[in-house]
Amino acid sequence: MKNSEIASIFDRMADILEFKGELIFKINAYRKASRVLLEGAEDIEILAAQNRLGELPGIGKAIQEKILEYLREKRIAKYEELLATVPRELFELLSIPNYGPKTAALAYRELGIETLQDLKAAIDKGSLRDLPGMGDRKVEKIRQGIELRESASERISIGIALPIVEEVISYLRATGGDRILQIAPAGSVRRFRETVHDIDVLVETAVSAEIIRLFTEMPQVTRILAAGETKGSVLLDDRFQVDLRAVSPGSFGAALQYFTGSKEHNVRLRELARKKGLKINEYGVFAGEDKVAGEDEEALYAYLGMAWIAPELREDRGEIEAAVAQHLPNLVHLNELLGDLHIHSNQSDGHLTLEDMAAAVRARGYRYMAFCDHSQSAFYANGLSSDRLQHSKETIARLNEKWDDFVVLAGAEVEILADGRLDYSDEILKELDFVVASIHSGFKSDPTGRTIAAMQNPYIDLIGHPTGRLISRRKGLEIDLDKVIESAVLTGTALEVNSSWDRLDLQELHIKNAIEAGAKICINTDAHDSSQLDQMQFGVATARRGWATAKDVINTLSLERLKKWQKRNR
DNA sequence: GCCGTTTTCGGCCCGACTGTTTTCAGTCG
C-alpha cells in the first residue's frame with residue numbers, strides 16, 4: 001500500500017510549511033490528511049482508481065491532486081520544490097525538544113544552520129546565543145534537547161511504561177498521604193498505546209505545588225525538565241520522561257479526560273462542544289461562565305450527549321460518532337477470557353515444567369489452557385520431536401486427572417517451514433487438541449503464501465503472531481494482511497493477538513480490519529514463564545484498541561463451545 | 001487546505017510553562 005509513503009510526505013510537508021511560517025490551519029490540514037491515509041483501512045490506490053478519494057475526511061481538492069500525482073509519477077513536485085528551500089536536516093532538527101520551527105527558521109536565516117552538526121557548533125561558538133530573542137537559558141534548553149534526543153529518543157514499550165507509572169503513583173501516594181485525593185495514569189499509558197513517548201500522571205490535590213515538589217524530588221529523578229504550579233516534568237534514570245499534572249478538587253474528571261487524549265480525540269470533542277455552544281478545557285465543561293460538568297468523566301461525556309468512551313478507543317477512529325449514536329462496541333474484558341491457548345513449558349524453551357506452568361495458569365482463574373511447545377525444526381527453541389511430543393501428551397493427560405475445574409489441552413506451536421510445509425505431519429496434528437502455526441524463520445520467503453497455506457490445513461486452529469514484528473528490535477514480515485484476513489475468514493482459522501509487550505501482534509489496526517472482515521482472534525500470552533502470564537492485559541488492551549468484543553475472541557468461549565468452533569472449522 | 005442543520009467565506013481546540021520580554025512569542029501536549 002502506498003498510504004504510508006504518501007502520509008509521510010504530507011507529514012514532512014507540514015513540517016516544512018510550519019518552518020516557513022505558513023498558516024497553522026494549512027499545516028494542520030496536511031497533518032490530518034497524513035493521519036487519515038495512515039489509519040484509513042482502505043488502500044489509497046484502490047480508492048483513487050474508483051475515484052473515491054474525496055470520500056476521505058480532510059482530503060479536499062488540492063490534496064487529492066497531490067495524491068494522484070504521487071500515484072502517477074511517484075513524486076509530488078510541490079514537495080520537492082519546498083524541500084529545496086529548507087535546511088538539509090530539517091526533520092532531524094525539528095525533532096529536537098525545545099528547538100521548534102520558529103527557532104530553526106531564525107537560525108537558518110541568520111546563521112545558515114542546516115544540520116545537527118551546524119547547530120552544535122553554533123551553540124559551542126556562542127553564535128546561537130547572539131540571535132534576537134535568545135538567551136543563555138534558551139540555548140541551554142536546546143543543548144539539553146539535543147542530549148535528550150540522542151539518549152532518550154526511543155519510544156517506550158507499554159510493558160516498560162506501565163510498571164513505571166505504577167511506581168510513581170505508589171511513591172506519591174506514600175509521600176503525599178491524604179494530600180492526594182485522587183491519582184491516576186493518563187495519556188497514552190491510560191489508552192494502552194503499544195509504545196509511549198512519555199508517561200503522564202494526573203493528581204487531584206488542594207496543594208498542587210507541594211505535590212509537584214514531591215514529584216520532582218523523587219529519588220529516580222535525574223533531571224527536572226519543568227516544574228510549575230500545576231505541572232512537573234522529569235526524566236527518570238536519564239531515560240523515561242514522566243509528566244505530572246495537578247488539578248484542584250472538582251476538576252479531576254475533566255482533567256483526566258483532557259490528559260488522556262488522544263489529541264485528535266480531544267480536538268473532535270471540543271469541536272462538537274463548540275457546536276453545542278459549550279467550551280471544554282481541563283477544568284470542566286462550560287456553558288458561558290457556568291461550569292456544568294467536570295468532576296467525573298462519565299458526566300462530561302454525558303453532558304455532551306454521548307456514552308462514556310473507553311480510553312483505548314480515544315483515537316478519533318469513529319468512536320465519537322459511535323458514542324453519540326450510543327453504538328459503542330462492548331469491548332472485550334480481561335475477565336471474559338476463559339483460557340490461554342499459547343503457553344510454553346520447559347519441554348521446549350519455557351522455564352517451568354508442564355505441571356508448574358499449568359498450575360500457574362489455573363491460579364489466574366482460567367478454565368482451560370493449551371500447551372503449544374515448539375515443533376521439531378525449532379532447534380533454537382529445543383523443539384519437540386514426535387516422540388517427545390507424545391511424552392508431553394501423556395504428562396498432560398495425567399495432569400487432567402488432577403483438576404475437575406480446569407482442562408489442559410495438548411497442542412503445539414508448529415513451524416511454518418521456509419518451503420511452506422508444516423513441521424509435523426497431518427497424522428500428528430490431528431491428534432492434538434489445539435494447534436498454532438507460526439513463522440519463526442525464512443522471513444523473506446513468501447510469508448503471505450506460507451501463512452495462507454498453513455491456514456488451509458484443517459488442523460491449524462490459529463496463526464501465531466502473524467506479522468512476527470518485535471517492537472523494539474524487528475520490523476516484522478512483509479506480509480499481505482488483507483489476504484491473510486480474507487483466508488482466515490474462509491478457512492475459519494483464528495488470528496492471534498500475542499500479548500507479549502514486545503510483540504502485540506496483530507496490531508490494533510489489523511485487529512479492527514480482521515474483525516470488520518468477520519475473522520476471529522485469539523488473545524494469548526505466549527508465556528514462557530509464570531510471570532509472563534500477567535502480560536495478558538496488554539493483549540486485551542490491544543484487542544480493545546482494535547474494537548474487539550467478546551464474540552470476536554475465541555478464548556472467551558467455554559471449552560465446549562471452543563471445541564464446537566474447532567470442529568466446524570476442521 | 002478543508003469544510004458547512006450557524007457558513008461557499010470565515011472560521012478552524014485550549015492552556016501551561018519558559019524565557020525574554022515591558023505585554024508576549026515559542027514550544028509542547
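The basis for the numbers below is simple: all heavy atoms, side chains too, and nothing from hydrogens, waters or symmetry mates. Chain letters run A, B, ... following the sequence lines, proteins first, then strands; residues in each count from 1.
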Review point. For B:dT8, which nucleotide in any strand shown is its Watson-Crick or wobble partner with both distances under 3.5 Å?
Key: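 Base-paired to nothing in any strand shown.
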Rounded to the nearest angstrom, tell me the gap between atom [atom1] in [X] and atom [atom2] in [N].
{"X": "A:E140", "N": "B:dG19", "atom1": "CD", "atom2": "P", "answer": "10 Å"}
{"X": "A:L131", "N": "B:dT20", "atom1": "CG", "atom2": "P", "answer": "12 Å"}
{"X": "A:E65", "N": "B:dC2", "atom1": "CD", "atom2": "C1'", "answer": "14 Å"}
{"X": "A:Y30", "N": "B:dC2", "atom1": "OH", "atom2": "P", "answer": "7 Å"}
{"X": "A:E22", "N": "B:dC2", "atom1": "CD", "atom2": "C1'", "answer": "14 Å"}
{"X": "A:R137", "N": "B:dT18", "atom1": "CZ", "atom2": "P", "answer": "10 Å"}
{"X": "A:K102", "N": "B:dT20", "atom1": "NZ", "atom2": "P", "answer": "18 Å"}
{"X": "A:L56", "N": "B:dG1", "atom1": "CG", "atom2": "C1'", "answer": "15 Å"}

Between [M] and [N], how far apart are the [atom1] atoms? Round to whole Å, please.
{"N": "B:dC12", "M": "B:dT7", "atom1": "C1'", "answer": "12 Å"}
{"N": "B:dC2", "M": "B:dC13", "atom1": "P", "answer": "16 Å"}
{"N": "B:dG15", "M": "B:dT22", "atom1": "P", "answer": "25 Å"}
{"N": "B:dT18", "M": "B:dT23", "atom1": "P", "answer": "22 Å"}

Review point. Among residues 291-309 of chain A, which residues get a heavy atom nearer than 4.0 Å to DNA chain B?
Key: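 Per residue number, the list is empty: none.
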Point to revise | Strand-adjacent residues in residues 76-87 of chain A, judged by heavy atoms under 4.0 Å from DNA chain B | key: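 Residues of residues 76-87 of chain A under 4.0 Å from DNA chain B: none.
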Backbone N or O of [Y] within a donor-acceptor pair of the [X] side chain at under 3.5 Å?
{"X": "A:K141", "Y": "A:P97", "value": "no"}
{"X": "A:Q535", "Y": "A:W501", "value": "yes"}
{"X": "A:N3", "Y": "A:I44", "value": "yes"}
{"X": "A:D243", "Y": "A:D200", "value": "no"}

**Study point:** Full working for side chain to side chain contact (heavy atoms under 4.5 Å, CB included) between A:E89 and A:E114
**Key:** CA-CA 6 Å; A:E89 293 182 2; A:E114 296 222 37; over 6 Å; no
Check your understanding: If you measure only the distance, is there a donor-acceptor pair under 3.5 Å linking the side chains of A:K291 and A:S251?
Key ->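 Yes, a side-chain donor-acceptor pair sits under 3.5 Å.
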Point to revise | Side-chain donor-acceptor pair present, A:S188, A:R193, cut-off under 3.5 Å | key: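 Note: A:S188 and A:R193 side chains miss the donor-acceptor criterion.
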Check your understanding: If anything within 90° of 0 is syn and all else is anti, what is B:dT7?
Key ->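 What B:dT7 shows is a syn base, its glycosidic angle lying within 90° of 0.
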Point to revise | B:dG1 OP1/OP2 closer than 4.0 Å to side-chain N/O of A:K66 | key: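 Yes, within the criterion.
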**Study point:** Residue A:P97, side-chain atoms from C-beta onward, closest of B:dG19, B:dC2, B:dC28
**Key:**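 So the side chain of A:P97 is nearest to B:dC28.
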**Study point:** Nearest-nucleotide 5' precedence on DNA chain B, A:M134 against A:A62
**Key:**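 Going by which nucleotide is closer to the 5' end, it is A:A62.
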**Study point:** 5′-ward residue of the pair A:Y99/A:P57 relative to DNA chain B
**Key:**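 Checking each residue's closest nucleotide, the 5'-ward one belongs to A:P57.
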Determine the contact category for [X]: base if any of its heavy atoms lies under 4.0 Å from a base atom, sugar-phosphate if only primed atoms, P, OP1 or OP2 are that close, otherwise nothing.
{"X": "A:I27", "result": "nothing"}
{"X": "A:S233", "result": "nothing"}
{"X": "A:I96", "result": "sugar-phosphate"}
{"X": "A:K141", "result": "sugar-phosphate"}
{"X": "A:D198", "result": "sugar-phosphate"}

**Study point:** Protein proximity profile, nucleotides 10-17 of chain B - base contact B, sugar-phosphate-only contact S, no contact -, cut-off 4.0 Å on heavy atoms
**Key:** --BBBSSS
Review point. Does a side-chain N-to-carboxylate-O contact under 4.0 Å join A:E271 and A:K275?
Key: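 No.
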Exercise for review: Would you mind listing every ring pair (Phe, Tyr, Trp, His ring centres under 6.0 Å) that reaches into residues 47-100 of chain A, with sequence neighbours excluded?
Suggested key: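 Every candidate ring pair (Phe, Tyr, Trp, His ring centres under 6.0 Å) pair involving residues 47-100 of chain A fails, so no pair, neighbours aside, qualifies.
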Point to revise | Where at least one partner belongs to residues 105-135 of chain A, residue pairs that pass ring pair (Phe, Tyr, Trp, His ring centres under 6.0 Å), sequence neighbours excluded | key: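 Checked against ring pair (Phe, Tyr, Trp, His ring centres under 6.0 Å) - neighbours excluded - the pairs reaching residues 105-135 of chain A are A:F19-A:Y108.
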Check your understanding: Excluding sequence neighbours, so at least two apart, what forms side-chain contact (heavy atoms from CB on, under 4.5 Å) with A:N281?
Key ->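 Applying side-chain contact (heavy atoms from CB on, under 4.5 Å) to A:N281 gives A:K279, A:Y283, A:F286.
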Check your understanding: Checking salt bridge (charged side-chain N to carboxylate O under 4.0 Å, His left out) against A:R191, which of A:E312, A:E319, A:E315 comes through?
Key ->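 That would be A:E315; it is the only one of A:E312, A:E319, A:E315 passing the salt bridge (charged side-chain N to carboxylate O under 4.0 Å, His left out) with A:R191.
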Point to revise | salt bridge (charged side-chain N to carboxylate O under 4.0 Å, His left out) between A:R155 and A:E194, worked out | key: CA-CA 10 Å; A:R155 291 182 66 85; A:E194 62 186 35; over 6 Å; no
